Amino acid sequence: MSALRLAFAGTPDFAAQHLQAILNSQHETVAVLTQPDRRAGRGKKIAVSPVKAVAEGAALPVFQPQSLRDENAIEQIEALNIDALVVVAYGLLLPSSVLEIPRYGCLNVHGSVLPRWRGAAPIQRSIEAGDAQSGVTIMSMDAGLDTGPILEIARCDLSPRMTSGDLYRRLAELGPPALLKVLDSLPEALAGAEAQDDKKATHAPKIAKSEALIDWTQPASTLARRIRAFNPSPGCYSVLAGERVKFWQAQRSADQSSASPGTIVRANENAIFVACGESVLALDELQLAGGRAMPPAQLLKGKAELFVPGSCFEQTGS
């Protein structure tokens, strides 16, 4: 197929990697949409999105509407005269008035094997659920939430210790080649699109901050998955002797304990072992407020008194 005339909509680094792949391809990108600049960091300085940074580096026009229901934004997209709009982790809903503009419609890169994990947090929810496999789906967008017909899927296996950060990086490798494969034969890909089976759909809701607080009455295996799912963001935590402790890596231990959930049953250079509602959780990468993430061997050198067996994590956070 001849080169396509494209626009791109996306915001984070995951999207920026897909934009860069398109820029390196035969296809022509004529404009980029990304979310408005926002204040970030301790200094609350204005920060541009990774997608905007790539676009500016390529001297591409950048549009940053607050909403795509705005008439001016719709007119700007119409004026581009594009074959397709590629959408990757954009963060704004596309109304039907926008979906219908491009000649071949709008294409979305989604971080799961659809119809599993439709929604805002597919990567985290797949880790949290203990899925054996994940992947990237390229789909043709419709008015529903990740409900459009499937054009291409690239799969990968999940290892037992994989975090959301690990999976994010793996999917960022899988996505661009899958997207380019679709773009290089778009009419044929659209003709062979496969409708999703709605009966097999699962929802991946946005991560709420309240979910990051560890509930020690849950099974150790459940907590281990959640800790990995929330690494690197927002990071699971609990409070011990007034100190907030974050957890970055954990696994279910073979230990058994009748201690109350949240009680430290033992601690050594390999892990901090904590009783749960079912079994014992071995925490092997932790972080104290103001410090950095570290293994127990390093943590115990300066804070052994905090992790004395019998000490108990609180059930409510601060």
Side-chain angles (χ1 to χ4, degrees), residues 9-18 35 49-51 86-94 99 106-176 178-179 194-215 218-219 221-236 247-248 250:
T11 300
D13 180 65
F14 182 80
Q17 294 182 61
H18 288 77
Q35 290 215 29
S49 73
V51 162
V86 177
V87 182
V88 187
Y90 180 32
L92 291 182
L93 293 176
L94 273 64
L99 294 174
C106 299
L107 310 180
N108 180 241
V109 179
H110 185 75
S112 78
V113 178
L114 290 170
R116 186 162 178 80
W117 302 126
R118 295 173 177 173
I123 292 176
Q124 293 94 330
R125 298 306 182 188
S126 64
I127 296 286
E128 185 181 26
D131 288 356
Q133 191 178 75
S134 184
V136 169
T137 300
I138 315 298
M139 68 175 171
S140 178
M141 297 179 70
D142 61 17
L145 178 63
D146 301 325
T147 56
I150 295 170
L151 306 178
E152 183 72 18
I153 294 177
R155 293 177 169 84
C156 67
D157 293 332
L158 305 188
S159 63
R161 300 270 289 175
M162 183 175 276
T163 67
S164 285
D166 296 330
L167 181 54
Y168 181 97
R169 288 184 287 273
R170 181 69 182 113
L171 298 188
E173 296 172 350
L174 291 176
L179 174 61
E194 180 181 342
Q196 294 187 42
D197 184 350
D198 292 341
K199 294 179 181 179
K200 296 181 179 179
T202 58
H203 183 51
K206 182 179 179 180
I207 305 297
K209 289 184 178 180
S210 59
E211 295 181 79
L213 175 60
I214 289 292
D215 176 2
Q218 294 188 10
S221 55
T222 299
L223 295 179
R225 292 196 302 268
R226 176 163 291 191
I227 286 169
R228 291 187 290 105
F230 289 15
N231 177 353
S233 179
C236 285
F247 312 122
W248 297 115

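For this chain, numbers begin at 1 and follow the sequence in order. Worth saying up front: this structure is predicted, and the values here are computed from it rather than measured.
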- Message: Take a 6.0 Å sphere around CD of Glu194 and say whether it holds more than 12 heavy atoms from other residues, nucleotides or ligands.
- Response: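 No, because the 6.0 Å sphere around CD of Glu194 holds 12 heavy atoms or fewer from other groups.
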- Under 6.0 Å from the CG atom of Leu93, do we count more than 12 heavy atoms belonging to anything else shown?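 Count not over threshold, so no.
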- Among residues two or more places apart or on two chains, list those pairs meeting side-chain hydrogen bond (donor to acceptor under 3.5 Å, both in side chains) that have a residue in residues 202-214.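 Residue pairs with at least one partner in residues 202-214: Arg125-Glu211.
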Pairwise distance [atom1]([X]) to [atom2]([Y]) - rounded to 0.5 angstrom:
{"X": "Leu151", "Y": "Met139", "atom1": "CG", "atom2": "CE", "value": "9.5 Å"}
{"X": "Asn108", "Y": "Met141", "atom1": "CG", "atom2": "CE", "value": "5.0 Å"}
{"X": "Leu99", "Y": "Cys106", "atom1": "CG", "atom2": "SG", "value": "5.0 Å"}
{"X": "Leu107", "Y": "Ile138", "atom1": "CG", "atom2": "CD1", "value": "8.0 Å"}
{"X": "Arg118", "Y": "Gln196", "atom1": "CZ", "atom2": "CD", "value": "4.5 Å"}
{"X": "Arg228", "Y": "Glu128", "atom1": "CZ", "atom2": "CD", "value": "10.5 Å"}

Do [X] and [Y] have side chains that approach each other closer than 4.5 Å (heavy atoms only, starting at C-beta)?
{"X": "His18", "Y": "Val86", "answer": "no"}
{"X": "Trp117", "Y": "Asp131", "answer": "yes"}
{"X": "Thr137", "Y": "Arg116", "answer": "no"}
{"X": "Pro232", "Y": "Thr163", "answer": "no"}
{"X": "Ile127", "Y": "Gln124", "answer": "no"}
{"X": "Leu114", "Y": "Pro122", "answer": "no"}

- Message: Suppose we screen for ring-ring contact (aromatic ring centres under 6.0 Å, His included). Which residues come up paired with Tyr168, at least two apart in sequence or across chains?
- Response: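 By the ring-ring contact (aromatic ring centres under 6.0 Å, His included) rule, Tyr168 matches Phe14.
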Closest non-hydrogen atom pair between [X] and [Y], with its separation:
{"X": "Val88", "Y": "Ala15", "result": "O-CB, 3.1 Å"}
{"X": "Ala121", "Y": "Pro205", "result": "CB-O, 3.4 Å"}
{"X": "Gly175", "Y": "Val136", "result": "CA-CG1, 3.9 Å"}
{"X": "Leu174", "Y": "Cys156", "result": "CD1-CB, 3.7 Å"}
{"X": "Ala178", "Y": "Ala154", "result": "CB-CB, 4.3 Å"}
{"X": "Cys236", "Y": "Phe230", "result": "SG-CD2, 3.7 Å"}

- Message: I'd like to know if the side chain of Ser49 reaches the main chain of Pro12, judged simply by a donor and an acceptor atom lying under 3.5 Å from each other, with no hydrogens or angles considered.
- Response: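 No; zero donor-acceptor contacts below 3.5 Å.
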- Arg226 and Gln218: side chain donor to acceptor below 3.5 Å: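 Side chains of Arg226 and Gln218: no pair found under 3.5 Å.
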